[in-house]
Participant: 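Below is a structure I'd like to ask you about.
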Amino acid sequence: MTEICWEVWSGTIILLVFILKTCGWINRHEDSNNGNEEGDGCGDVFESSLKSNPGGYQLICKPSTLANWLLRDIKHLSQMESSYYWMMTWPHLQTIIQHVLPADRTLELARDFLQMTDGGIVALDWVVGPRPAAKPRRGTNAISNPPLLLVIPNTFGRLTRNIQQLCLLALEKGYYPIIFNRRGQNNCPLTTLKFQPFGETADLKEAVSYVRYRHPSSMLFAVSEGLGSGLLLSYLGECGSSSYLTAACSISPVFRFQEWFDNGLPWLYEWIVLLYQKVILSRYSTAIAEVLPAEKIFASSSLRELHKTLFCQSKSETTSWDYYWECNDPLSDVDEVAIPILCICSKDDPIRGRPESTLPIELFRTNPYFFLLLTKYGGHCGFLNGAPVAWSHEVTLEYFRSVTEFFRTEEKTRGLTRNRGTNMLNRRRRPTLQKRETSYTGLEEIFSWKRSYTR
């Protein structure tokens, strides 16, 4: 029955995309970037690398032991690229499927409301089901301390099919998914007249602290969707070695956020997202009118105008658009990121735009913690290859497993090396065994190694 519904939905959306494509309602973003091939000067590199790789992907990163380890594991996965003509021809199709269609199964959630220091409330949805009937939970310490997966949805607050399918697969693989809901979104009440600015991490920090309090012995991973990457990147940059995360992944991230708002989306996407935002805000219209120009908010004709009015034009003070992004740009502290983060992107992403002008390639080539998995097809948070579930979900969870295994292997290797060094020291300098200087040297080596992986 599920397969029949999937085929019916797919056929309907194929027809819809064809009509919209013919009318030119979903081409504006692509056309506006058609003549911009310069960007970081990487267009030719993309094309040649993707053509030469039979798997249909390219891993862009700074050469390292971890990079080689990840590339080895990625090669073991099944074919990523879709062989369906309609998937390769229309990236909008994959995008619409993952954002419009309902999930195959409904998530069973246990919600915790967290009150912030200023009185605001965020919500954490713990995914408790449906669990597979015949499959036992697998993963790190699967019985007593399952690994935790913190999921950060897009900034518009809608729980998409993409996020729900990811949570279902993670649950089957032995993870404990937790969905972070911002103030006033996804039925989380708005108790203060404050929405979360784009790069502000205070609420997420408190949520992570609460999760660590609940499960102090479990490993914590994080994954973001679309514009949710802004919050994840800001958090990793601000917290650095205190993020409490083992690794992170971002599916179809946007990097140059101010430019993204300034350029706008294709007409149809812009209209749908803008309408959805206004419907959410209309629930609090009376309260909003006390501190913000409500008429201007609901009369906004673009996401840029709506966002600017919401965060830069209160009745008490006005902030310039450029200064707002100077304070909230998620990439401002990117050099402080201290855990591996994998970014899964496609060349044909209609929401982010062309990779030559929207992907910070130098960041991936120079920062050892950033890894870019770039594919030729996939749309925005699509990455379908004919099955209802996206292959990006499998890659994400496999990446977390691989990073965990790498750290454990490195820990064992370094532990054996230190033990050998200690034994040789005992043999050669037995008369000075009681000196404290010898003990300090060992501690400094241990501390230096731990910091290099937990910063």
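All of these numbers come straight from a predicted model, not from anything done at the bench.
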Participant: Examine distances only and state if a side-chain atom of S229 and a backbone atom of V254 form a donor-acceptor pair shorter than 3.5 Å.
Facilitator: yes
Participant: Run the numbers on F257 and F198 for ring-ring contact (aromatic ring centres under 6.0 Å, His included), then give the verdict.
Facilitator: CA-CA 9 Å; F257 299 91; F198 200 85; 4.9 Å; yes
Participant: For T409, does its backbone N or O pair with a side-chain atom of T413 as donor and acceptor, under 3.5 Å?
Facilitator: yes
Participant: So that I can tick it off, tell me whether R183 and E200 are bridged by a salt bridge, with the cut-off set at under 4.0 angstrom between side-chain N and carboxylate O.
Facilitator: no
Participant: Going through the checks in order, is the salt bridge (Lys or Arg N to Asp or Glu O under 4.0 Å) test met by K376 and D348?
Facilitator: CA-CA 7 Å; K376 196 168 185 178; D348 62 354; over 6 Å; no
Participant: Before you tell me yes or no, could you show the steps for E172 and L169 under side-chain contact (heavy atoms from CB on, under 4.5 Å), namely the whole-Å CA-CA distance, both residues' side-chain angles and the distance that decides it to 0.1 Å?
Facilitator: CA-CA 5 Å; E172 293 178 1; L169 182 61; 4.0 Å; yes
Participant: Taking the side chain from E410 and the backbone from F406, do they hold a donor-acceptor pair closer than 3.5 Å?
Facilitator: no
Participant: Is the closest side-chain heavy-atom distance between S224 and I251 below 4.5 Å?
Facilitator: no
Participant: What I want to check is whether the side chains of S234 and T201 have a donor and an acceptor closer together than 3.5 Å.
Facilitator: no
Participant: Any chance you could measure L59, atom CG, to N68, atom CG, to the nearest 0.5 Å?
Facilitator: 9.5 Å
Participant: Are R111 and N187 side-chain neighbours, meaning at least one heavy-atom pair lies under 4.5 Å?
Facilitator: yes
Participant: Counting only N and O atoms by type, is there a donor-acceptor contact under 3.5 Å from the side chain of S346 to the main-chain atoms of G379?
Facilitator: yes
Participant: Taking the basic N atoms (NZ, or NE/NH1/NH2) and the acidic carboxylate oxygens, is any pair closer than 4.0 Å for R408 and E405?
Facilitator: no
Participant: Output, in order, the C-alpha distance, side-chain angles, deciding distance and verdict of side-chain contact (heavy atoms from CB on, under 4.5 Å) for Y57 and I74.
Facilitator: CA-CA 10 Å; Y57 64 88; I74 289 176; 3.8 Å; yes
Participant: Quick check: do M116 and T192 have side-chain heavy atoms less than 4.5 Å from each other?
Facilitator: no
Participant: Between Y369, F255, F371, which is the residue that forms a ring pair (Phe, Tyr, Trp, His ring centres under 6.0 Å) with F364?
Facilitator: F255
Participant: In Å, rounded to the nearest 0.5 Å, how long is the span from SG of C381 to CD of Q98?
Facilitator: 8.0 Å
Participant: I need the minimum non-hydrogen distance between N181 and D125, along with the two atoms involved.
Facilitator: ND2-OD2, 2.9 Å
Participant: Which pair of non-hydrogen atoms, one from G119 and one from T191, has the smallest distance, and what is that distance?
Facilitator: O-OG1, 2.9 Å
Participant: Using 30° and 60° as the class limits, which term best fits the ring planes of Y269 and H92: parallel, tilted or perpendicular?
Facilitator: parallel
Participant: Without swapping roles, check the side chain of S300 against the backbone of S302 for a donor-acceptor pair under 3.5 Å.
Facilitator: no
Participant: Determine, stepwise, if the pair F221 / T404 fulfils side-chain contact (heavy atoms from CB on, under 4.5 Å).
Facilitator: CA-CA 10 Å; F221 302 90; T404 303; 3.3 Å; yes
Participant: Tell me if the centroids of the rings in H99 and H380 come within less than 6.0 Å of each other.
Facilitator: yes
Participant: Might you work through the salt bridge (Lys or Arg N to Asp or Glu O under 4.0 Å) test for R365 and E362, ending with a clear yes or no?
Facilitator: CA-CA 5 Å; R365 288 176 172 168; E362 284 305 311; 3.6 Å; yes
Participant: Rounded at 0.5 Å granularity, tell me how far CG in L204 sits from CD in E238.
Facilitator: 10.0 Å
Participant: Within the side chain of S250, is there an N or O that forms a donor-acceptor pair under 3.5 Å with the backbone of C343?
Facilitator: no
Participant: Closest approach of G184 and I280, non-hydrogen atoms and distance?
Facilitator: O-CG2, 3.6 Å
Participant: Given ring-ring contact (aromatic ring centres under 6.0 Å, His included), test H215 with Y176 step by step and report yes or no.
Facilitator: CA-CA 11 Å; H215 296 269; Y176 197 172; 5.7 Å; yes
Participant: With side chains defined as the heavy atoms from C-beta onward, is the minimum distance between D112 and W126 less than 4.5 Å?
Facilitator: yes
Participant: Could you give me the CA-CA distance, side-chain angles and deciding distance for E305 and S301, then say whether side chain to side chain donor-acceptor pair (under 3.5 Å) is met?
Facilitator: CA-CA 7 Å; E305 184 181 355; S301 58; 3.1 Å; yes
Participant: Any idea which heavy atoms bring K205 and C239 closest together, and the distance?
Facilitator: CE-SG, 3.7 Å
Participant: Going by the angle between their ring planes, with limits at 30° and 60°, are F261 and W325 parallel, tilted or perpendicular?
Facilitator: tilted
Participant: Students often mix this up, so state it plainly: with edges at 30° and 60°, are the rings of W321 and Y324 parallel, tilted or perpendicular?
Facilitator: parallel
Participant: Let's go through V100 and T160 carefully: what are the C-alpha distance in whole Å and the side-chain angles of both, what is the deciding distance for side-chain contact (heavy atoms from CB on, under 4.5 Å) to 0.1 Å, and is it a yes or a no?
Facilitator: CA-CA 7 Å; V100 176; T160 63; over 6 Å; no
Participant: Charged N to carboxylate O below 4.0 Å: is that the case for R354 and D349?
Facilitator: no
Participant: Do the side chain of Q94 and the main chain of L384 share a donor and acceptor less than 3.5 angstrom apart?
Facilitator: yes
Participant: Strictly below 4.0 Å, N to O, side chains only: are R304 and D262 in salt-bridge contact?
Facilitator: yes
Participant: I need the I344 CD1 to L372 CG distance, nearest 0.5 Å.
Facilitator: 10.0 Å
Participant: With no hydrogens and no angle check, is any side-chain donor or acceptor of E270 less than 3.5 Å from a backbone partner on L265?
Facilitator: yes
Participant: Do V127 and I179 have side chains that get closer than 4.5 Å, going by heavy atoms?
Facilitator: yes
Participant: Quick check for you: to the nearest 0.5 Å, what is the distance between Q277 atom CD and I297 atom CD1?
Facilitator: 11.0 Å
Participant: So which atom in S242 and which in Y235 form the shortest heavy-atom distance, rounded to 0.1 Å?
Facilitator: O-OH, 4.3 Å
Participant: If you take all heavy atoms of K62 and T366, which pair is closest and at what distance?
Facilitator: CD-O, 3.5 Å
Participant: Taking the side chain as everything from C-beta on, heavy atoms only, tell me whether L359 gets closer than 4.5 Å to R352.
Facilitator: yes
Participant: Is a side-chain N or O of S357 found less than 3.5 angstrom from the main chain of G353, in a donor-acceptor match?
Facilitator: no
Participant: Do V208 and R212 come close enough that some side-chain heavy atom pair is under 4.5 Å?
Facilitator: yes
Participant: Under the 3.5 angstrom rule, does the side chain of Q164 hit a backbone N or O of L159 as a donor-acceptor pair?
Facilitator: yes
Participant: For E225 and N154, test the side chains for any donor-to-acceptor distance below 3.5 angstrom and give the result as yes or no.
Facilitator: yes
Participant: Among side-chain atoms of D335 and N367, is any donor-acceptor pair under 3.5 angstrom?
Facilitator: no
Participant: Is it true that the side chains of R256 and T358 contain a donor and an acceptor less than 3.5 Å apart?
Facilitator: no
Participant: How long is the gap from CG on D118 to NZ on K194, to the nearest 0.5 Å?
Facilitator: 5.0 Å
Participant: Looking only at the aromatic ring of each residue, does the gap between the centers of F311 and F195 stay below 6.0 angstrom?
Facilitator: no
Participant: I want to check something: taking the side chain as every heavy atom from C-beta on, are L190 and Q185 in contact at a cut-off of under 4.5 Å?
Facilitator: no
